[in-house]
4 protein chains.
Amino acid sequence: MSERTDIKRAHILAGAREVFLKKGFRSVTMKDIADAAGISRGGLYLYYRSTEEIFLDVLKQEESEEDTGFEERLSSTRNAKEMLALVLAEQKKELLAEGDLTEASYELAFSGSESGRAALTERFEKAVEVMKYLLRRGIRSGEFRRTDPEETARQIMLIIEGLRIGTRTMQVTEEMIDEQLRRIMQQLLSED
Amino acid sequence: MSERTDIKRAHILAGAREVFLKKGFRSVTMKDIADAAGISRGGLYLYYRSTEEIFLDVLKQEESEEDTGFEERLSSTRNAKEMLALVLAEQKKELLAEGDLTEASYELAFSGSESGRAALTERFEKAVEVMKYLLRRGIRSGEFRRTDPEETARQIMLIIEGLRIGTRTMQVTEEMIDEQLRRIMQQLLSED
Amino acid sequence: MSERTDIKRAHILAGAREVFLKKGFRSVTMKDIADAAGISRGGLYLYYRSTEEIFLDVLKQEESEEDTGFEERLSSTRNAKEMLALVLAEQKKELLAEGDLTEASYELAFSGSESGRAALTERFEKAVEVMKYLLRRGIRSGEFRRTDPEETARQIMLIIEGLRIGTRTMQVTEEMIDEQLRRIMQQLLSED
Amino acid sequence: MSERTDIKRAHILAGAREVFLKKGFRSVTMKDIADAAGISRGGLYLYYRSTEEIFLDVLKQEESEEDTGFEERLSSTRNAKEMLALVLAEQKKELLAEGDLTEASYELAFSGSESGRAALTERFEKAVEVMKYLLRRGIRSGEFRRTDPEETARQIMLIIEGLRIGTRTMQVTEEMIDEQLRRIMQQLLSED
DNA sequence: TATGAATGAGTCTTCATTCAT
DNA sequence: AATGAATGAAGACTCATTCAT
């Protein structure tokens, strides 16, 4: 019963994900999702009551399926500098990824959804936490220069957030991303 | 005729601006704008074919009406450090402003509009140019430490862009903005 | 403009009336009325926002078109007894009329509409007033026996109301109506 | 099996009754009843094919559960006048009762259901019979003035029917009910 | 018996767009 | 130029009814 429901939901979410990727959030209709999932309109309502509900579930699922390989690689690395390089590379991958839900997430937040804002905030703060951890470690080991880890972590993530929105709404190029990520690394390392 | 048309268009844009401020871009309808402008639906179509066309015109008008007082104050300042402080204060004001077209602009870009992307890019690059100019000046005068003006200017504007999207989609507070802007200043001044 | 609107509304009401006669109130849809009026769904919404609004307008129109011939005949009658006979005959006609909005009116009131209740109440009280007037006149002239005009008028109209609902929901026959109306007359005349 | 079925049906009817009380007849859905009875939609169809079928069964059950206490009190009364007072008091209670199926019954009849009409007719005629019996008895004993029992009984019940629909669809007050019931009594007693 | 998933039809409502005036 | 009436196409949502299990 519950299992059947879960399977069905997963199926709906898979279809919905494609729709959100292609159309963002605001212009997606329940019909779009029903069609993508290959079920009837009425059927969809048995599982979800709105596109927002569906989208938040897509995000949740996304999160739980996050690249575990990445975390393994991260934890197997001894060196703070290398860890940072890994994290930044991962961020670059995300920034350039075609299929991601950034636009839809922003649109959801724009639409006034508190849950949407909360999801984005949580995502951001989690990233800040990871970055803070790396910075503390690197500072302790003498790999990074002494700075306020909290503020610096936040600054770095803001730059990346700026790049994220930039790649979606402006002509931000891969070169620009590389340049900025390199610069972040430099600033942490520079002894001057 | 042309003058008449211009007056009418200005009238439409004034109404439309309010609508875009309140509702973003995607959920705005031609009816919304016709109502806000106090004209008939049919009448609106005599001047504009779509909400995108109207929104782009709103942006264009916005640009041409930009805060000239600010530019005056800027040009009357001798000191690069003070100029930067002015610019950052202006940015802060923008970041916190309730009524701005950021969300609508982003939504327009998300909707795939090339013109929308172009408008945002131009705006960003113009800001980078101003920042670059300031940095060069401050470096030359010895007020700022030596850094690559291009890259640094871009980094600063990316942080601000990150803050901009953050205030719209996350729980980014005024304190966080202050902290980051102060940090930008510090990093330019620090001699270490 | 206003005239055009009035003509259109009258046209809609004419179609709507048929629908309400046939289907009562609750099961009538905006589509039913649009179809009956020969206009599009969207078009109907330009004039009315709900079936309730339409129905109340049908009632209002009904009222303003009331049988003026009847009132003339009434006012040309000198004799209270004859006037009463006229009124009762009119009521009988109404009771047996195929095409009346009684059922729809009741359904509207059942649906919780305050305006519906108000319309029915007003209609009833108006009839009571007329009846009271007749009774007073007949009592004064010695044609009717002395009774409390208010209470008696109300009693008579309640009997008629009972007959009205009875003809719609039970097997109340014309004979039964005749018998009761005759009895009302008798009770007013009887000297015992 | 048959017993099981009966229990189940009773359970469904109990839930359905609440729904009809609250929503009348026309706007009640099979889903409403299934939910109220705590069974599945499919399950409900095993016992009933439509809301009409269910409602008629609710009425039938209602009838068989009628206030037997009242009948006892009635039969233990020697005096026709007192009996009538009892009956009228009972009617008043019914008129003012919040939870009764009057509205739903009328709606059923309006919807064209022959069974609905038949049920209402039977109920009315039964009441007329009781009233007739009382009148005959009172006339015989000299308590009531001489009138045609059939016509008078019917008239009384029509007044009550008028009050019934009046309390549901107009602003008929308790005072008005009292006044009318008192008047009925008076008219039977008066010797003039 | 009983469930509840599923479908498809039907209703409400809002708009973009056109067109007669 | 301008109006606003009109249409038809969506989109949201709810149910009656069926069916596999």
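Note that the coordinates shown come from a computational prediction; the quantities given were computed from them, not determined experimentally. Chain A is the first sequence line, chain B the second, and so forth, proteins listed ahead of strands; every chain is numbered from 1. As a basis for the values below, the full set of heavy atoms in this structure was taken, side chains included, without hydrogen atoms, waters or symmetry mates.
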Visitor: Is it true that a side-chain atom of A/D35 and a backbone atom of A/D32 form a donor plus acceptor pair closer than 3.5 Å?
Guide: no

Visitor: Determine whether A/I54 and A/M30 satisfy the following criterion, side-chain contact (heavy atoms from CB on, under 4.5 Å), listing intermediate values before the conclusion.
Guide: CA-CA 9 Å; A/I54 299 171; A/M30 290 295 271; 4.0 Å; yes

Visitor: Under the ring-ring contact (aromatic ring centres under 6.0 Å, His included) definition, can you give me all pairs with a residue in residues 15-54 of chain A, not counting sequence neighbours?
Guide: A/F20-A/F55, A/F25-A/F55

Visitor: Please answer whether the main-chain N or O of A/L101 pairs with a side-chain N or O of A/S105 as donor and acceptor at a distance below 3.5 Å.
Guide: yes

Visitor: Does B/T5 put a side-chain nitrogen or oxygen below 4.0 Å from OP1 or OP2 of F/dA1?
Guide: yes

Visitor: In residues 45-52 of chain A, what residues come within less than 4.0 Å of DNA chain F, judged by heavy atoms?
Guide: A/Y45, A/R49

Visitor: Between the base of E/dT11 and the side chain of C/R41, is there a donor and acceptor pair under 3.5 angstrom?
Guide: no

Visitor: Could you spell out the base pairing of DNA chain F in dot-bracket, with Watson-Crick or G-U pairs whose two distances are under 3.5 Å, [ ] crossing and | to another strand?
Guide: .||||||||||||||||||||

Visitor: Is D/S40 close enough to E/dG4 that one of its side-chain N or O atoms is under 4.0 Å from OP1 or OP2 there?
Guide: no

Visitor: Checking salt bridge (charged side-chain N to carboxylate O under 4.0 Å, His left out) for the pair B/R9/B/D6: CA distance, chi angles, key distance, verdict?
Guide: CA-CA 5 Å; B/R9 281 182 182 241; B/D6 285 350; 5.3 Å; no

Visitor: I'd like to know if A/D100 and A/R168 make a salt bridge, using a cut-off of under 4.0 Å between side-chain N and carboxylate O.
Guide: yes

Visitor: Mapping A/L44 and D/I39 onto DNA chain E by nearest heavy atom, which one lands closer to the 5' end?
Guide: D/I39

Visitor: Can you list the steps and then say if B/L56 with B/E52 is a side-chain contact (heavy atoms from CB on, under 4.5 Å)?
Guide: CA-CA 6 Å; B/L56 288 171; B/E52 176 173 345; 4.0 Å; yes

Visitor: Within residues 7-35 of chain C, which residues have any heavy atom lying less than 4.0 Å from an atom of DNA chain F?
Guide: C/K8

Visitor: Is the backbone N or O of D/Y106 less than 3.5 Å from a side-chain atom of C/T169, with the two atoms forming a donor-acceptor pair by type?
Guide: no

Visitor: So which pairs with a foot in residues 109-123 of chain D pass salt bridge (charged side-chain N to carboxylate O under 4.0 Å, His left out), sequence neighbours left out?
Guide: D/E94-D/R123

Visitor: Is it the case that the side chain of D/T51 and the backbone of D/T29 share a donor-acceptor pair, with hydrogens and angles ignored and the cut-off at 3.5 Å?
Guide: no

Visitor: Under the rule for side chain to side chain donor-acceptor pair (under 3.5 Å), what residues qualify as partners of D/K8, not counting sequence neighbours?
Guide: none

Visitor: E/dT13 P sits how many Å from C/E53 CD, rounded?
Guide: 11 Å

